[in-house]
Amino acid sequence: MASGATVFALRRNTAELPAAFTAVAADLSHPLPAPLPDVDELVVTLTPGFSVSADRPDDYLVKIGNLAAALPTRPRRVIFVSSTRVFEGRTDGRPITEEDAPAPVTERGRLLLDGEKLATELLDAYIVRPAGIYGPGREMLLRTVIDGTPVDYTRRTNRIHQTDLARALDVMLREPEPPRLLHAVDQSPALLGDVVNYIAHRLGRQPPPRTEPGAPSGTVLDGARLLALLGTLEYPTFEAGYEEMTEAQHRALG
């Protein structure tokens, strides 16, 4: 890497890792046969599976335990990447800060919160909860508009551009005393309808159809702590991020 540090990347399939990473092929679903490299800092980006139910248990917590057990020593700093989904049960619309108690209602949400607790217990981890991550390669809403997939225009949403998330993780690793808990969200929570309308306008397409709104859904996350940590965001609003992405889409289409 540019800093001279060696960066290991652990994945089951390492074929698509950038050449700058030193690949470690491992499946954390099972205890590892040999210790992992001794590292100074660790960022954990495990996520629960998408088909989590009572009759299909997920091995998310097992993976966290196997990771901790395979480390020769506890790293100086561990950042555990969770999700703002731990607040999925909050529907009052009040901005949520890091001081608010999580409110998971699904098995996936509860697993995320249990993962935070286990990583803190085993690794003394600092917790980062990103909202919806977007950017090049993470273009779900662009596809939603292009494909005309119906959406709930009234849903409250939050997001973070992948560039600003990477910056936040880097600062969390380097700061002498970073916050123990950080919500990685930009400065522009917005209704989903506002976001897809903006993308459609930028692409010169019709907005996607509306679904019938149900009960109030989605959350509003306060991004003050992230802003204080970074000073500025490169993509403080969804308009800033999607302007760039829609321009890239136009170039790709010629």
Side-chain angles (χ1 to χ4, degrees), residues 1-2 7 9 16-18 20-21 43-47 79-88 95-98 112 126-147 149 151-153 155-175 178-179 181-203 205 207-208 218-253:
M1 301 295 286
V7 179
E16 296 182 2
L17 285 174
F21 293 148
V43 177
V44 183
T45 59
L46 293 168
T47 57
I79 309 299
F80 185 80
V81 180
S82 179
S83 169
T84 56
R85 185 165 182 164
V86 297
F87 292 104
E88 61 193 354
I96 299 169
T97 75
E98 286 83 354
L112 285 163
Y126 293 70
I127 307 300
V128 175
R129 294 172 178 158
I133 306 169
Y134 76 109
R138 292 179 176 266
E139 300 164 348
M140 184 204 40
L141 282 185
L142 264 70
R143 300 310 317 170
T144 294
V145 172
I146 292 170
D147 296 341
T149 305
V151 300
D152 180 357
Y153 275 52
R155 180 175 177 81
R156 295 182 290 262
T157 64
N158 307 265
R159 73 210 80 251
I160 185 72
H161 194 283
Q162 60 192 22
T163 296
D164 287 314
L165 176 57
R167 292 176 59 217
L169 295 175
D170 179 58
V171 172
M172 289 285 288
L173 288 173
R174 292 188 290 103
E175 277 289 302
L181 174 61
L182 179 71
H183 291 168
V185 297
D186 67 17
Q187 300 297 296
S188 180
L191 295 179
L192 183 55
D194 293 341
V195 183
V196 295
N197 272 325
Y198 178 80
I199 294 171
H201 173 73
R202 292 282 307 170
L203 293 177
R205 292 176 175 265
T219 53
V220 176
L221 276 294
D222 182 287
R225 185 173 292 184
L226 176 67
L227 187 62
L229 182 73
L230 296 184
T232 59
L233 299 182
E234 292 193 28
Y235 301 92
T237 68
F238 72 83
E239 292 96 340
Y242 282 112
E243 178 182 6
E244 187 174 279
M245 291 172 68
T246 53
E247 287 177 356
Q249 181 72 19
H250 283 302
R251 290 195 297 270
L253 294 175

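The shown structure was predicted, so the numbers you read here are calculated from the model rather than taken from an experiment.
- For the side-chain contact (heavy atoms from CB on, under 4.5 Å) criterion with E98, the lone passing option out of L221, L226, L181 is L181.
- To the nearest 0.5 Å, atom CD1 of residue I79 and atom CG of residue L182 are 9.0 Å apart.
- Rounding to the nearest 0.5 Å gives a distance of 11.0 Å between CZ of R129 and CZ of F80.
- Considering only heavy atoms from C-beta on, Y134 stays 4.5 Å or farther from Q162 through its side chain.
- Side-chain contact between L169 and V81: present, with at least one pair of heavy atoms (C-beta onward) separated by less than 4.5 Å.
- The CG atom of L233 sits 5.5 Å away from atom CD of Q187, with the distance rounded to the nearest 0.5 Å.
- With hydrogens and angles disregarded, a donor-acceptor distance shorter than 3.5 Å links the side chain of T157 to the backbone of A190.
- With a 4.5 Å cut-off on side-chain heavy atoms, M245 and Q249 do not count as touching.
- Looking at D164, its side chain never comes within 3.5 Å of a backbone N or O of I160 through a donor-acceptor pair.
- Between the CD atom in E139 and the CD1 atom in I199 there is a gap of 10.5 Å [rounded to 0.5 Å].
- Atom CD of E234 is separated from atom CG of D186 by 13.0 Å, given to the nearest 0.5 angstrom.
- Side-chain N or O atoms of R225 include none that pairs as donor or acceptor with a backbone N or O of T97 at under 3.5 Å.
- The two residues V128 and A184 make their nearest non-hydrogen contact at CG1-CB, 4.1 Å.
- The main-chain N or O of A224 is found under 3.5 Å from a side-chain atom of D222 such that the two form a donor-acceptor pair.
- Side-chain contact between R156 and T219 is absent, with no heavy-atom pair separated by less than 4.5 Å.
- The six-membered or imidazole ring of Y198 lies near that of F238, with a centre-to-centre distance under 6.0 Å.
- Between the side chain of N158 and the backbone N or O of A131, no donor-acceptor pair lies under 3.5 Å.
- Proximity of M172 to P179: side-chain heavy atoms (C-beta onward) are separated by under 4.5 Å at one or more points.
- Side-chain atoms of Y235 and S188, non-hydrogen and from C-beta on, never get closer than 4.5 Å to each other.
- Looking at every heavy atom in both residues, S82 comes nearest to V86 through OG-CG1, 4.2 Å.
- From R205, atom CZ reaches atom OG1 of T246 across 12.0 Å, with rounding to the nearest 0.5 Å.
- Annotation: side chain of L192 is in contact with side chain of L141 (closest heavy-atom distance under 4.5 Å).
- Under the 4.0 Å criterion applied to side-chain N and carboxylate O atoms, R202 and E239 are not assigned as salt-bridge partners.
- Between R155 and L191 there is no side-chain heavy-atom pair separated by less than 4.5 Å.
- The aromatic rings of H183 and F87 lie perpendicular to each other, with more than 60° between the two planes, well past the 30° mark.
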